[in-house]
Amino acid sequence: MSRRRPEGLVAHGPVGDPVITARNLSKLFGDDDTAVTALESVDAHLARGRLTAVLGPSGAGKTTLLRCLAGLEAPTSGTIILDGEEISLLSQRHLARLRRERIGMILQSRNLVPSLSVMENITLPLALSRRSIDSARLDRIADVTGLRGRLDYHPAELSPELAQRVACARALLSDPAVVIADEPTGALSSAAATQILRILRAAVDELEQSVVVATHDADVAAWADTVLFLQDGNIVAEMNQPDRDRLLDALHDLGSTGSAGIAVGGGEREVSQIEEAWAQPLGPQGSPRPRSRSNRPHDWEGTGERSATGRGSRSYDAAPHDWDDPGERQARPGRRARPSSGSGGADDVDRNNPWGYQ
């Protein structure tokens with residue numbers, strides 16, 4: 001007897017008004033016998049004005065796909081069209097300008113500059129591109145993200161949730177063509193993750209933004225308008241207007257043909273062995289954050305929520321910055337671009353400096 005096809009699961013195909021289109025997109029890492037295929041002939045069609053989730057396990061190619069779409073990785077082959085412009089062959093300089101002006105980026109590590117205030121972090125991409133700040137939109141973004149009363153705070157004074165709200169505000173302020181969020185809730189508690197997802201949902205429903213989220217969590221994907229299922233570097237199906245139960249049914253069906261599974265958020269539903277295989281930890285957690293020497297109380301004090309990582313672990317970025325050595329701390333924020341050793345394409349971009357500031 002044939003298995004019932006999960007309700008709403010269809011083949012992925014073109015959309016009427018795409019904000020991003022990728023055709024025959026492939027990405028290989030390494031050479032010859034050591035080459036690893038992260039993406040294999042992917043066709044992706046992301047609709048404008050919608051929240052799209054890319055759902056898949058660790059190693060499926062979610063981050064690689066988003067990095068290619070944002071111009072942070074040069075594809076091995078294929079084309080990418082963002083807001084009507086083909087970006088696949090743009091130079092590093094043009095890609096940096098594209099990210100500053102037309103792409104909002106939200107990363108799990110947040111990448112806030114610790115020496116800048118919340119207001120300065122939010123407006124940093126506009127300042128780097130020498131663009132004027134729309135005060136009305138800034139006020140609107142501060143209301144949507146709930147940061148109006150904390151604009152003079154610094155990152156060390158914020159809980160992980162509030163720090164991610166700052167990253168959301170920074171991504172939304174310039175009214176980009178698309179907001180790309182890579183595991184934006186991965187380091188947060190379930191309650192904090194819900195607040196971030198509400199912001200992304202409001203960005204689509206109230207601010208008419210286009211948002212793309214990569215996640216391994218079915219509960220996160222259930223907030224989207226469309227879910228793309230990514231397995232082994234390929235988009236194997238999509239679901240429109242998803243809910244948690246239908247997503248889990250679809251994942252069980254798709255997972256039964258392979259060895260992968262999916263993480264399930266904080267729910268009580270019993271999951272299969274296949275689904276449990278996807279629920280792998282993202283990495284070790286750091287030590288508790290020490291109390292600030294400032295007299296200003298932290299936002300999490302008295303709420304039971306504390307930062308997941310210690311201040312010394314620099315949770316805003318996984319790699320060292322120029323200011324990590326106190327003896328070489330710069331008076332002005334930012335870093336000078338490293339001289340390129342390659343052809344000047346997207347693979348030469350500083351991964352900790354997606355806006356290309358000098």
Side-chain angles (χ1 to χ4, degrees), residues 9 12 19-22 24-29 36-47 50-76 78 80 82 103-111 164 167 171 178-188 193 196-197 200 210-239 242 247-248 250-251 254-255 258-265 274-275 277-283 318 346-347 351 354:
L9 196 63
H12 178 58
V19 65
I20 299 180
T21 300
N24 202 30
L25 192 67
S26 295
K27 178 64 180 180
L28 278 69
F29 293 97
V36 175
T37 301
L39 299 173
E40 184 175 7
S41 301
V42 172
D43 288 340
H45 309 274
L46 308 179
R50 292 174 68 86
L51 175 55
T52 303
V54 179
L55 179 62
S58 297
K62 303 185 301 297
T63 294
T64 301
L65 176 59
L66 263 61
R67 289 181 62 83
C68 288
L69 297 182
L72 288 169
E73 293 279 1
T76 303
I80 302 169
L82 189 148
I103 300 176
M105 300 180 64
I106 305 172
L107 306 177
Q108 182 176 329
S109 57
R110 298 180 287 274
N111 281 42
Q164 193 64 298
V178 63
V179 173
I180 294 178
D182 187 11
E183 296 278 7
T185 64
L188 302 176
I196 299 303
L197 292 168
L200 297 180
S210 306
V211 179
V212 183
V213 176
T215 182
H216 66 285
D217 192 332
D219 284 344
V220 173
W223 287 74
D225 298 304
T226 300
V227 176
L228 308 183
F229 296 86
L230 192 67
Q231 287 186 354
D232 300 325
N234 287 281
I235 296 176
V236 296
E238 76 171 46
M239 179 181 291
L247 283 173
L248 293 179
L251 290 165
L254 294 171
S259 60
I262 197 70
V264 182
I274 292 173
E275 290 160 349
W278 291 45
Q280 299 297 321
L282 298 179
D347 282 333
R351 299 188 180 196

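Taking the side chain as every heavy atom from C-beta outward, L197 and V220 approach each other to under 4.5 Å. Side-chain contact between C68 and I80 is present, with heavy atoms from C-beta onward closer than 4.5 Å. When side chains are defined from C-beta on, L247 counts as touching F229, because their heavy atoms get closer than 4.5 Å. Contact check for V178 versus V212: side-chain heavy atoms found under the 4.5 Å cut-off. Contact annotation: the side chain of L51 never approaches that of T226 to less than 4.5 Å [non-hydrogen atoms, C-beta and beyond].
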### Query
Please walk me through it: do R50 and S210 pass side chain to side chain donor-acceptor pair (under 3.5 Å)?
CA-CA 5 Å; R50 292 174 68 86; S210 306; over 6 Å; no

### Task
Please assess Q164 against I106 for the test side-chain contact (heavy atoms from CB on, under 4.5 Å), listing each intermediate value before the final yes or no.
CA-CA 8 Å; Q164 193 64 298; I106 305 172; 3.7 Å; yes

### Message
side-chain contact (heavy atoms from CB on, under 4.5 Å), that's the test. Do I103 and L82 meet it? Break it down for me.
### Response
CA-CA 9 Å; I103 300 176; L82 189 148; 3.6 Å; yes

### Task
With side-chain contact (heavy atoms from CB on, under 4.5 Å) as the test, would you mind laying out the steps for V54 and T215 before giving the verdict?
CA-CA 6 Å; V54 179; T215 182; over 6 Å; no

### Task
Check step by step if side-chain contact (heavy atoms from CB on, under 4.5 Å) holds for T52 and V211.
CA-CA 6 Å; T52 303; V211 179; over 6 Å; no

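Between the NZ atom of K62 and the CD atom of E183 there is a distance of 5.5 Å, given to the nearest 0.5 Å. To the nearest 0.5 angstrom, T21 atom OG1 is 10.0 Å from L69 atom CG. Of the inter-residue distances, the one linking E73 atom CD with T63 atom OG1 reads 10.0 Å to the nearest 0.5 angstrom. To the nearest 0.5 Å, atom CH2 of residue W223 and atom OG1 of residue T185 are 11.0 Å apart.
Contact record, M239 with A250: CE-CB, 3.8 Å, taken as the closest heavy-atom pair. The minimum heavy-atom distance linking P184 with V213 is given by the pair CD-CG1, 3.8 Å. Contact record, M105 with L72: CE-CD1, 3.1 Å, taken as the closest heavy-atom pair. Of all heavy-atom pairs spanning L25 and P75, the tightest one is CD1-CB, 3.3 Å. Among all heavy-atom pairs drawn from D217 and D219, the shortest one is OD1-N, 2.9 Å. For N24 against D43, the heavy-atom pair with the smallest separation is N-OD1, 2.6 Å.
Of the possible donor and acceptor atoms, one in the side chain of H12 sits under 3.5 Å from a partner among the backbone N and O of H45.
Considering V227, D225, L9 in turn, V227 is the only one that fulfils the side chain to side chain contact (heavy atoms under 4.5 Å, CB included) rule with P242. Evaluated for a side chain to side chain contact (heavy atoms under 4.5 Å, CB included) with F29, the options T37, T64, T76 yield exactly one hit, T64. Partner of L230 under the side chain to side chain contact (heavy atoms under 4.5 Å, CB included) criterion, chosen from V236, I235, L55: I235.
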